[in-house]
Amino acid sequence: MRQQYKNYYQFTKPPKALLKANLDNIAIVPASMLPFTKTIQQVLNNLPKGAVFLCHAEENIRQRKLLERVEETFRQQGHAVMNLSMEQIYKNSPNF
């Protein structure tokens with residue numbers, strides 16, 4: 001017998017404003033870094049256009065390994081990639 005799987009996700013068309021937007025950089029950061037958006041923005045402003053910024057927790061090995069694979073993929077596509085741990089951002093942050 002065939003088992004029915006329920007589709008939990010429904011993809012829709014993105015808004016027109018998003019389709020027309022020119023995206024400068026890509027940032028992948030944990031949600032716990034939201035209070036440090038100004039510091040992250042300063043780092044992103046110093047990166048070249050089209051660069052990728054990855055942030056990971058030092059103690060989370062799974063997260064770090066996953067982001068290393070993501071970093072490889074972006075590098076193969078020709079992006080400049082910066083990979084920092086959360087601790088490195090905390091040290092440079094005036095918010096903390």
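These figures come from a predicted structure and were not determined experimentally.
Across every non-hydrogen atom of Asn46 and Gln42, the tightest pair is ND2-O, 3.3 Å. Minimum heavy-atom separation, Val29 to Cys55: CG1-CB, 3.6 Å. Summarising the geometry of Gln63 relative to Ala57, their closest heavy-atom pair is OE1-N, 2.8 Å, with the distance given to 0.1 Å.
Residues Leu84 and Phe53 are in side-chain contact: their nearest non-hydrogen atoms beyond the backbone lie under 4.5 Å apart.
Annotation: the span from Ile40 atom CD1 to Asn45 atom CG amounts to 12.0 Å, rounded to 0.5 Å. Between His56 atom NE2 and Asn83 atom CG the span is 5.5 Å, to the nearest 0.5 Å. Residue Gln41 holds its CD atom at 11.0 Å from NZ of Lys38, rounded to the nearest 0.5 Å. From Ile61, atom CD1 reaches atom CG of Leu66 across 13.5 Å, with rounding to the nearest 0.5 Å. In this structure, NZ on Lys49 lies 9.0 Å from CG on Asn25, to the nearest 0.5 angstrom. Note that CE of Met33 is 6.0 Å distant from CE of Met86, once rounded to the nearest 0.5 Å.
Clustering ILVMFWY residues whenever any of their side-chain heavy atoms sit less than 4.5 angstrom apart, transitively, puts Val43 in a cluster other than the one holding Ile26. By the rule that hydrophobic residues join a cluster once side-chain heavy atoms approach within less than 4.5 Å of another member, Met82 and Leu44 end up as members of one cluster. Using a 4.5 Å cut-off between side-chain heavy atoms of Ile, Leu, Val, Met, Phe, Trp and Tyr, with links allowed through other members, Leu54 and Leu47 fall into different hydrophobic clusters.
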Between Arg64 and Glu58, does the side chain to side chain contact (heavy atoms under 4.5 Å, CB included) criterion hold? Intermediate values first, please.
CA-CA 7 Å; Arg64 191 174 72 234; Glu58 191 70 37; 4.2 Å; yes

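With sequence neighbours excluded, the residues that form a side-chain contact (heavy atoms from CB on, under 4.5 Å) with Thr73 are Gln77. Listed by chain and residue number, His79 satisfy the ring pair (Phe, Tyr, Trp, His ring centres under 6.0 Å) test with Phe74 (two or more places apart in sequence, or in another chain).
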